[in-house]
**Student:** 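For reference, the structure I am asking about is given below.
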Amino acid sequence: QVQLVESGGGLVQPGGSLRLSCSASGSIFNINYMGWYRQPPGQQRELVASITSGGSTNYANSVLGRFTISRDNAKNTVYLQMNSLKPEDTAVYYCTQDSQRSRDTPFFRYWGQGTQVTVSS
């Protein structure tokens, strides 16, 4: 089993910054895709940013230029640096990853429990 634990959420004023972290533990042989999604109140979950094992990144248009995703493969950890935060960034943020438990098992997508980010004055 693989567990993802997010941290770093909280309350911040507009224009402020937060850094989210997501650490994976358990039976992990290889991690390919890692990403962050968010679910604003009353809305569907949406992709915020993703990063492949090779370092290729993808961002939602709404966060481009403000958010940066990165990963530390040695620590099985993905980060999301969020700058110039806006009230519309308020949401529960979830990390996700596609990982193998061993060389002979398929990739499976795991999700964290979510961390609340609130941007308000």
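Positions are given from 1, in the same order as the sequence printed here.
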**Student:** What is the minimum heavy-atom distance between Pro41 and Thr90, and which atoms define it?
**Tutor:** CD-O, 3.8 Å
**Student:** Taking atom OG of Ser99 and atom CD1 of Ile28, what is their separation to the nearest 0.5 Å?
**Tutor:** 5.5 Å
**Student:** So does Gln44 have more than 12 non-hydrogen atoms from other groups sitting under 6.0 Å from CD?
**Tutor:** no
**Student:** How many angstroms lie between OG in Ser53 and CG in Asn30, if you round to the nearest 0.5 Å?
**Tutor:** 7.0 Å
**Student:** Are the side chains of Phe29 and Gln100 in touch, meaning some heavy atoms are under 4.5 Å apart?
**Tutor:** yes
**Student:** Tell me, with the steps shown, if Arg38 and Asp89 meet side-chain contact (heavy atoms from CB on, under 4.5 Å).
**Tutor:** CA-CA 9 Å; Arg38 68 185 180 187; Asp89 294 318; 3.0 Å; yes
**Student:** Do the side chains of Ile51 and Leu80 join up, straight or via other hydrophobic residues, at under 4.5 Å, putting them in one cluster?
**Tutor:** yes
**Student:** May I ask you to test the Met82-Arg66 pair for a side-chain heavy-atom distance under 4.5 Å?
**Tutor:** no
**Student:** With side-chain contact (heavy atoms from CB on, under 4.5 Å) as the criterion, how do Tyr110 and Ile31 come out once you've worked through the C-alpha distance, each side chain's angles and the decisive distance to 0.1 Å?
**Tutor:** CA-CA 11 Å; Tyr110 297 92; Ile31 301 175; over 6 Å; no
**Student:** Let me see the working for Gln97 and Asn76 under side-chain contact (heavy atoms from CB on, under 4.5 Å), right down to the final yes or no.
**Tutor:** CA-CA 10 Å; Gln97 70 174 42; Asn76 292 336; 5.6 Å; no
**Student:** Verify the distance criterion only: is there a donor paired with an acceptor across the side chains of Gln39 and Glu46 at less than 3.5 Å?
**Tutor:** no
**Student:** Give me the other members of the hydrophobic cluster that Trp111 sits in, counting Ile, Leu, Val, Met, Phe, Trp and Tyr linked by side-chain heavy atoms under 4.5 Å, directly or via other members.
**Tutor:** Tyr33, Tyr37, Leu47, Val92, Tyr94
**Student:** Is there a path of hydrophobic side-chain contacts, each under 4.5 Å between heavy atoms of I, L, V, M, F, W or Y residues, that connects Trp36 with Tyr79?
**Tutor:** no
**Student:** Mind checking the CZ-CG spacing from Arg109 to Asn32? Nearest 0.5 Å is all I need.
**Tutor:** 9.5 Å
**Student:** For Thr52, does its backbone N or O pair with a side-chain atom of Ser56 as donor and acceptor, under 3.5 Å?
**Tutor:** no
**Student:** Which donor-acceptor pairs under 3.5 Å do the side chains of residues 13-25 make with protein atoms, sequence neighbours left out?
**Tutor:**
residue : atom : partner : partner atom : Å
Ser17   : OG   : Asn83   : OD1          : 2.9
Ser23   : OG   : Thr77   : OG1          : 3.2

**Student:** Looking only at heavy atoms, what is the nearest atom pair of Val63 and Val48, with distance?
**Tutor:** CG2-O, 3.6 Å
**Student:** Are Met34 and Phe108 co-members of a hydrophobic cluster defined by side-chain heavy atoms under 4.5 Å apart?
**Tutor:** yes
**Student:** Output the distance between atom CD (Gln81) and atom CD1 (Ile69), rounded to the nearest 0.5 Å.
**Tutor:** 12.0 Å
**Student:** With rounding to the nearest 0.5 Å, note down the distance linking OG1 in Thr57 to CG in Leu64.
**Tutor:** 9.0 Å
